[in-house]
Every structure is written in structure tokens, then in C-alpha cells.
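Notes to accompany the following structure.
First the proteins, then the strands, lettered A, B, ... as listed; each starts at 1.
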There are 2 protein chains.
Amino acid sequence: MAQKKAGHDVVVVVSAMGDTTDELLDLAEQVSPMPPARELDMLVTAGERMSMALVAMAIENLGYEARSFTGSQAGVITTSLHGNAKIIDVTPGRIQEAVGEGAICIVAGFQGVSQDTKDITSLGRGGSDTTAVALAGALSADACEIYSDVDGVFTADPRVVPTAQRIPQISYEEMLEMAASGTKILHLRCVEYARQYNIPLHVRSSFSQKPGTWIVSEVEESEGMEQPIISGVSHDRSEAKITVVGVPDKVGEAATIFKALADAEINIDMIVQNVSAVSTSRTDISFTVPKDFGKEAVAALKKVQEKVGYDSLRYDDKIGKVSLIGAGMRSYPGVTARFFDSIASSGTNVEMISTSEIRISVIVEEDQVDAAVQAAHREFQLDADQVEAVVYGGTGR
Amino acid sequence: MAQKKAGHDVVVVVSAMGDTTDELLDLAEQVSPMPPARELDMLVTAGERMSMALVAMAIENLGYEARSFTGSQAGVITTSLHGNAKIIDVTPGRIQEAVGEGAICIVAGFQGVSQDTKDITSLGRGGSDTTAVALAGALSADACEIYSDVDGVFTADPRVVPTAQRIPQISYEEMLEMAASGTKILHLRCVEYARQYNIPLHVRSSFSQKPGTWIVSEVEESEGMEQPIISGVSHDRSEAKITVVGVPDKVGEAATIFKALADAEINIDMIVQNVSAVSTSRTDISFTVPKDFGKEAVAALKKVQEKVGYDSLRYDDKIGKVSLIGAGMRSYPGVTARFFDSIASSGTNVEMISTSEIRISVIVEEDQVDAAVQAAHREFQLDADQVEAVVYGGTGR
């Protein structure tokens with residue numbers, strides 16, 4: 001309302017209310033143990049339909065004109081993978097028309113219509129935020145505001161680092177690295193879309209009018225101050241480490257291993273290959289996978305044991321990943337050294353390392369994650385003078 | 001399932017489950033005292049969306065292929081009068097395709113998409129049955145089965161006449177007259193559609209496999225038996241009688257009265273104009289309107305009192321209508337006399353009369369309706385030897 005009053009055209013993307021989606025899934029379970037994905041999408045998308053109509057009514061009741069649109073009506077065209085469809089295109093003709101007539105448009109998030117079959121699809125995790133960004137892109141919006149239950153993106157998870165600070169501005173690249181390394185506030189796909197269409201994102205709280213975090217292409221230097229080298233420290237406890245022990249050091253063995261995992265549709269995150277011992281001509285390969293796919297990964301690797309000729313598998317799900325993210329590390333040498341020093345000084349042992357141009361990640365033991373995050377956060381002077389964050393639970397849809 | 005097993009292609013039209021619609025309307029009331037009709041339709045149509053997806057899942061779980069479609073996807077094109085839209089056309093291309101592929105189609109009843117604005121509409125009372133018949137027409141179906149909570153159409157309301165019998169076959173015309181005169185089983189619009197497209201309707205119980213009532217263009221004569229003269233006796237307690245007293249007997253006065261009611265969108269049912277008294281040149285005009293519109297009708301008439309110059313208004317909502325319906329009365333003279341005799345013998349006073357080619361209706365005092373229905377039912381030998389009907393409550397949607 002504040003935005004509409006300020007003279008902006010407003011398009012609102014809504015999710016389902018509270019437990020609606022879970023209640024609908026319960027109903028589905030009652031009628032069928034394995035409900036077809038197409039019908040499951042038809043069912044769960046009723047959730048957004050209800051909330052968007054109610055939101056439109058509430059807005060009209062405040063004296064504004066509001067019109068609700070399903071994903072299909074809003075022109076959200078997707079692939080036909082029910083339950084996890086991807087947005088292919090957005091053709092928001094009806095939204096443009098309604099906005100042109102002065103209406104506030106309320107669009108159902110998380111849903112679209114498949115290009116091939118014209119069936120109703122749902123988008124999977126982060127789908128509502130992705131809908132908002134894709135629509136903002138198609139409408140060439142000035143900005144896309146993501147309302148969530150947190151005040152913005154913080155330099156670390158405030159539950160681990162109580163003195164973590166809200167980041168006023170961050171670049172798409174840094175946000176992508178943070179999302180990929182455990183910061184749950186925005187889904188990766190949503191940030192990717194925003195970067196692709198160059199739509200500034202504003203992540204802010206539903207519960208206050210305070211500014212949140214702006215995610216933009218170029219972070220402006222604030223008055224008289226350089227940008228900090230490091231934007232934040234993120235962590236992730238959702239991965240497991242698998243070590244393939246005693247892989248014969250021949251061409252193509254690693255490829256066979258990773259092809260087996262790819263065929264099972266398992267995403268691999270970090271990979272480390274040890275230097276092979278000269279005496280044995282054998283090496284160990286370690287990598288991380290999402291814990292949820294741990295069993296499948298081990299099963300897929302067992303199938304190729306004979307072919308590859310490795311000795312054994314080691315599986316460890318008591319690990320965590322700690323990542324340091326900052327565009328500034330490009331131009332400041334020594335960041336890596338300071339990061340490792342701080343982690344070592346917290347008494348934490350580093351098991352694996354991976355780096356990108358603006359990120360360093362390490363795998364540590366699970367119960368050392370907090371200490372490592374706190375040490376790195378302190379080392380790069382990210383601590384605020386006082387605690388400002390309030391953390392709410394999130395639904396992730 | 002039985003129909004699919006018997007080799008028929010099956011398209012199922014579903015309503016919302018139980019109290020879903022009322023629950024959704026409650027939600028709307030919580031956010032807005034006067035919710036916009038467009039958004040109300042968006043909201044309530046979520047009800048059928050849920051039931052159709054669940055029905056499709058349940059059918060798939062039984063090993064059949066099922067696909068659900070919204071009214072819009074099924075090609076139900078309507079006017080844009082939200083909450084009470086009329087079906088203009090049905091373009092069931094997607095249904096035909098899915099049926100051709102062997103799927104059982106589950107279509108949301110009670111909803112469509114407006115031709116002009118492409119908005120989601122709901123059809124108003126009887127909308128699900130009307131959807132089924134319109135779709136059956138567009139698909140040139142062999143028949144349309146209407147599953148309800150009663151076993152079929154009876155010769156009278158079994159709550160009033162316990163010995164009422166199920167009618168095995170009845171013509172569209174007779175069913176239209178019955179629906180118009182108080183038999184609540186099928187909505188008038190639904191029967192009109194069936195007649196227009198010549199789709200045989202089979203009204204039967206959801207709770208049993210027993211045959212119900214077939215509604216067809218030509219009733220077949222059963223073996224060795226002629227069709228009964230009279231199909232049934234219906235009654236209606238939903239009307240009120242208004243008498244405009246002392247209308248000057250001039251050309252155009254009646255027209256002014258009825259135009260005032262038409263402008264207020266009030267439907268008039270029976271009309272009686274008394275012969276004017278020679279001494280005064282004034283007459284009384286009586287007619288019936290739905291009780292729900294009684295107040296509006298009186299208000300509309302008060303506005304034209306000066307213009308028309310009538311003396312006063314009399315309003316009586318303690319009346320009931322009893323109707324005798326039968327195509328046979330065309331060829332059997334004396335039916336009217338027997339009807340009036342039977343009603344008189346029950347001690348009931350007739351206040352107004354109206355007739356069509358296959359119907360006679362009388363207005364009586366409300367508390368004499370049951371006696372009049374029973375007397376007429378007995379007179380035309382419609383009583384069964386034993387009671388067979390079980391009456392359930394209905395929702396009317």
C-alpha cells in the first residue's frame with residue numbers, strides 16, 4: 001500500500017497461507033499413496049488461488065482496485081516437470097493491462113502453465129520468490145521486493161553469530177555464492193533470475209517498514225567508506241562427505257565415478273582428489289553430496305566398484321561447510337591466509353577446501369561449524385556493536 | 001468405474017467437497033464485508049479444484065488413467081456475470097483429446113471462463129449439473145448421469161407423500177414444469193440444456209447402483225401399459241403473494257406495475273387479474289414472487305403508487321403452490337376438474353390458478369399444502385403399494 005501510495009505500480013506475488021499446502025498434501029495422501037504429479041500440482045495450486053483472492057478482497061476493502069491472477073493467467077510459462085517446473089518465459093499481457101488500468105495485481109506464486117501440455121505446474125522450492133523476480137523481469141520493474149520473516153541478509157546466521165549485521169547492499173554474484181553455500185534467505189534460482197534480468201532485489205521483513213538488503217549488480221560505495229572486503233560468512237550442515245578410497249590412478253576412473261552419480265541425478269558440491277601415493281599408484285577421491293541423497297550416492301558408487309576397482313567407500317554425514325564470501329577478496333591478497341588462520345585459532349580442523357573467485361569454502365567437523373563461523377566473522381571485523389537481528393522460523397516455499 | 005469397465009468413455013463433473021464452499025465464503029467475509037464478485041469467484045472455484053484433483057488421484061490409485069481439468073481448461077465459456085454466469089459455449093478440445101487417449105476426465109463443475117474478459121466465473125445454483133449437461137452436449141455424449149442424494153425424481157416429495165413412487169422415465173417438458181413448480185432435484189437451466197442438446201439425463205443416487213429417473217425427449221410406453229396421464233404432483237413454499245388493490249381499470253396500468261418489478265429484476269410467477277367491478281372501474285391484480293424478493297417487490301411497487309393510482313398493497317407469505325404435471329393431460333379432458341375436486345375434498349381453499357398445456361398450479365394457504373398434495377396424489381393413483389424412498393438432505397449447488 002505504501003508503494004502504491006507513493007505512486008508506484010504494484011504487482012504482488014503471494015504464496016499459500018500458513019499450513020494450506022501441508023493440509024492439501026495430507027488430503028492427497030488420504031486418497032492415494034502415490035498421487036500423480038500432475039494432479040498434485042492441480043491440488044496444491046488451489047492454495048495460492050485462495051490466498052490471492054483473499055488478498056485482493058482485503059486490498060479492495062481498503063479502497064484500492066485489486067485483481068488476482070493465477071500463474072497461468074499471468075503468463076508464467078514453465079517446463080512440464082510437475083512439482084519442480086522451471087520458468088521458461090513470462091508473457092504478462094494481462095498484468096500489464098490491469099496495471100495500466102490502475103489496478104494492483106495479485107499473482108499466484110509457485111505456479112505456472114506448461115508450454116507443451118498447457119497443464120498447471122508448480123515450481124518447487126523457492127518458487128514464489130522466483131515467480132516474483134521473473135515477473136519483475138518481464139515487466140521491466142524498477143525493483144522486486146521479497147518479503148520474508150527476516151530483516152534481510154546478514155553477515156552470518158544470527159543464531160550462530162548474535163552480533164551478525166544486516167548487509168545493506170550486496171552484489172548478485174556474492175548473493176549467489178551465499179545462497180549456494182548455505183544462506184537460506186533466497187533461493188539460488190531467484191537470484192539467478194534477478195541477475196539475468198538485472199532486477200534489483202530488496203529482501204525485507206513482512207513485519208516492519210525497516211529497509212532490508214538490496215541485491216544489485218554494482219554495490220555503491222557508501223560515503224567516505226570503501227566496501228568491506230568480505231560480505232559475510234555462511235555455513236551449511238546439509239551435506240555429507242563421501243570418500244572413494246584406493247582409486248587406481250588411471251585416466252577415466254574419476255569420470256566413471258562422477259558419471260555414475262550424475263546418472264543417479266545426484267548433485268556433487270566440493271571435490272578433492274589427493275595426490276596419489278607413488279608406491280601404490282592409487283588415490284582417494286572425496287566429495288560432498290546433499291545428505292538427503294547420501295544413500296543413493298553410496299548405492300550408485302557400489303554399482304561401479306568392480307568397474308573402477310576402488311578399495312572401499314567412507315561416508316561421513318557429521319560435517320559442515322563454512323564459507324567466506326566477498327567480492328573484495330579479488331583485489332586483496334592474503335584473505336585466504338587470514339581465513340585459515342582464524343579457523344585454526346578456533347581449534348577447528350579443515351578437511352576439504354574449495355574456492356571460487358569470490359568465495360572460500362572449507363569442510364569441517366559438524367560440531368566445529370559454529371566456532372569456525374564465529375572466528376572468521378570476528379577476523380574480518382563483521383561483528384556489530386550490538387545485537388540487532390530477530391530470527392523467525394521460515395517455510396522455504 | 002462401472003461405466004468405464006463397460007467400455008464407455010467417461011467424463012466426470014465434480015462439485016466442491018462438503019462444506020468447502022461455505023468455509024471459503026467465511027474466509028472472504030473475514031477479510032472484506034463486500035468482497036468483489038470477481039475475487040469471490042476466484043476464491044470459491046478453488047473448492048472444485050481441490051475435489052477434482054483428489055478424485056483424479058483416487059481413480060488413478062484404482063489403476064485407471066485420470067486427468068482433471070478446470071472449467072476454463074475444459075472450454076466452458078460463460079458470460080461475465082460473476083457468481084451467476086451463464087454458459088455461452090463449450091469448446092471441449094482438451095477433454096476430447098484426453099478421452100481419446102483413454103483417460104477418465106474429471107472436470108470442475110460450477111465454473112467457467114468469461115468470453116469477454118477471460119476471468120474465472122462461477123455459475124450460480126445448479127451450476128455443476130448444468131456444466132455436466134452442457135459438456136455432455138458439446139461432446140455428443142450418449143447420456144449424462146446426475147448423481148445426487150436421492151434415488152431419482154418422485155411423483156411427489158416423499159417427505160409429504162410417503163407412498164410417492166420413483167418415476168422411471170419423464171419427458172424434458174414435464175421435468176421442466178416440475179422443476180419450475182418446486183421439484184428441487186434438478187435445476188431448470190440444467191434440464192433446458194439437456195432438452196436443447198437432446199441429451200438423455202439419468203438422475204440417480206450416489207449411494208446405490210439402482211436405476212433412477214431417465215429424462216428423455218420421448219417417454220417409451222412400457223410393456224402393455226400406457227403412460228400415466230399424470231407424472232407427479234409438486235409443491236413450492238418459497239413464494240409470496242402480492243395483491244395490488246384498486247388499480248384503475250385503464251390501458252397500461254398493469255404494464256406500469258410489471259415494468260416496475262422487472263426494473264428491480266424481480267421474477268414474477270403466477271398472475272391473476274380480477275374482473276373489475278363495474279361500479280368502481282377498479283380492479284385487483286395478484287401475483288406471486290419469490291419470498292426472498294418480497295421486500296424489494298413491495299418497495300418497487302410503492303414507488304409507482306402515485307403514478308398508477310392504486311389504493312393499497314396486500315402481502316401474504318403464508319402461501320404454497322401445488323402443481324399437477326403430466327403430458328397426458330393434453331389428451332384427457334377432465335383432469336382439471338378432478339384436480340380441483342380432490343383439492344376441495346381435502347378442505348383446501350384455492351386462492352389463485354394458473355395453467356400450462358401440461359401443468360395446473362394452484363395457490364393455497366401454506367398449512368394446507370400437504371393435504372392438497374396428498375389428495376391430488378391419491379386422486380391420480382400415483383401412490384405406491386409400499387414406501388420406497390429415502391430422502392437425504394441436499395446442498396443445491
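Counting heavy-atom pairs closer than 4.5 Å to chain A, the top residue among B/Met52, B/Met50, B/Met34, B/Met57 is B/Met57. Considering only heavy-atom pairs separated by less than 4.5 Å from chain A, the leading option among B/Ser72, B/Pro36, B/Ala56 is B/Pro36. In terms of heavy-atom pairs under 4.5 angstrom with chain A, the leader among B/Ser68, B/Ala53, B/Pro35, B/Ser51 is B/Ser68. Options A/Leu54, A/Leu40, A/Leu27 differ in how many heavy-atom pairs under 4.5 Å they form with chain B, and the most are formed by A/Leu54.
For A/Arg204, the salt bridge (charged side-chain N to carboxylate O under 4.0 Å, His left out) test picks out A/Glu145, with sequence neighbours left out.
Atom NZ of A/Lys295 is surrounded by 12 or fewer heavy atoms from other residues, nucleotides or ligands within 6.0 Å. No more than 12 heavy atoms of other residues, nucleotides or ligands shown are found within 6.0 angstrom of CD on A/Glu29. More than 12 heavy atoms of other residues, nucleotides or ligands shown are found within 6.0 angstrom of CD on B/Glu101.
Within the 4.5 angstrom heavy-atom criterion, atoms from both the backbone and the side chain of B/Arg67 approach chain A. Proximity to chain A is absent for every atom of B/Gln30, based on heavy atoms less than 4.5 angstrom apart. Looking at A/Ile106, neither its backbone nor its side chain comes within 4.5 Å of chain B, counting heavy atoms on both sides. In this structure, chain A has heavy atoms under 4.5 Å from both the backbone and the side chain of B/Thr70. Proximity to chain A is absent for every atom of B/Asp41, based on heavy atoms less than 4.5 angstrom apart.
Nearest approach of B/Val31 to A/Asn61, heavy atoms of both residues: O-ND2, 3.5 Å.
Atom CZ of residue B/Phe69 and atom CG of residue A/Asp119 lie 7.0 Å apart, to the nearest 0.5 angstrom. Atom OG of A/Ser32 sits about 9.0 Å away from atom CG of B/Leu62, to the nearest 0.5 Å.
You'll find the side chain of A/Lys118 stays beyond 4.5 Å of the side chain of B/Gln73, heavy atoms only.
Without hydrogens or angle criteria, B/Arg49 side chain to A/Gly47 main chain gives no donor-acceptor distance under 3.5 Å.
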